[in-house]
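Atoms within a ligand are numbered from 1 in the order they appear, just like the ligands themselves.
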Amino acid sequence: MKIMGIVNVTPDSFSDGGQFVEAERAIAHGVDLVAAGAAILDVGGESTRPGAEPVAEAEELRRVVPVLEGLSDVGATLSIDTSKAAVARAALQAGATLVNDVTALRGDDAMAEVVASGGADVCLMHMRGEPHTMQRDPRYEDVVSEVVAFLEERLALAVSAGIAEERVLLDPGIGFGKTPEHNLTLLRRLDAIVALGRPVVVGTSRKSFLVRVAGVDRDEARLAGTIATNVLALQRGASVFRVHDVAPVATALRVAAATLGAPWPGPTTTS
Ligand code: HH2
């Protein structure tokens, strides 16, 4: 079980320090997340939020490479959150060992080869549609079986492209082309994805469905909802928890794991 801390590298419109300040700030944030309990840092230079505009390859490279280099000896696994093969290739050279591809190798024909030849781990995530349109009336006959079938198919494709099965992680893609009800159903039935035999990554952190479900639009609702869903995902067999607020989620998961009698990395005091 591991916490994946989110390190977003996006331009700061309030600072005139430019590129250097942006990278320095992201590196400092990554160091803080590791101190708070993150074993993986997921570095991303392009938002996949609903409605987000794509970022050009050169700009994405400019954002993420200095940050990965700056974090290379921080003591965490480095993950690159990208669907572009060139960005993944540069990231692996800069110290990343995990490619977190929200398109599950569909976004760039060269991605599978980059992952295979780089000997990297890869997270394959389910997404219905494209980020800028995916939240327009998503529909499924049966969301659980459709997500499971998709992940099974992408896992088989990855293996046939030369990626070792042991290197693949799977993710239901909470919030990616799904209604709040779809997200809740997938979290409730996470066991169906765990049954595919690969570690499952869950990303609910601060997502807007939490506000809809909680019925309270405050930052505390996003954090409380993030904690609730991650604790239940732990109980349902998830292995990797992708979050912004590492310290409170780490505490909640440590207590939840102790309650379940499940192992949790790091010190647990019960006496
Ligand atoms: N969610 C986001 C981005 N990457 N990767 C995985 N494997 N699973 C997720 O659920 C996931 C992901 C959401 O991205 P964005 O809206 O850009 O926000 P942030 O990166 O701050 O979470």
With a 4.5 Å cut-off on side-chain heavy atoms, are H244 and R222 touching? no
Any side-chain heavy atom of R63 within less than 4.5 Å of one from E22? yes
So the ring pair (Phe, Tyr, Trp, His ring centres under 6.0 Å) pairs with at least one residue in residues 175-201 (sequence neighbours excluded) are Y140-H182
Stepwise side-chain contact (heavy atoms from CB on, under 4.5 Å) check, V64 with I80: CA-CA 8 Å; V64 299; I80 176 69; 3.8 Å; yes
Tell me the side-chain hydrogen bond (donor to acceptor under 3.5 Å, both in side chains) pairs involving residues 149-175, sequence neighbours left out? D121-R167
May I have all residue pairs that pass side-chain hydrogen bond (donor to acceptor under 3.5 Å, both in side chains) and include part of residues 209-219, sequence neighbours excluded? R218-E220
At a 4.0 angstrom heavy-atom cut-off, what protein residues surround ligand 1? I6, N8, S47, T48, R49, D81, N100, V102, C123, M125, D171, F176, G203, K207, R242, H244
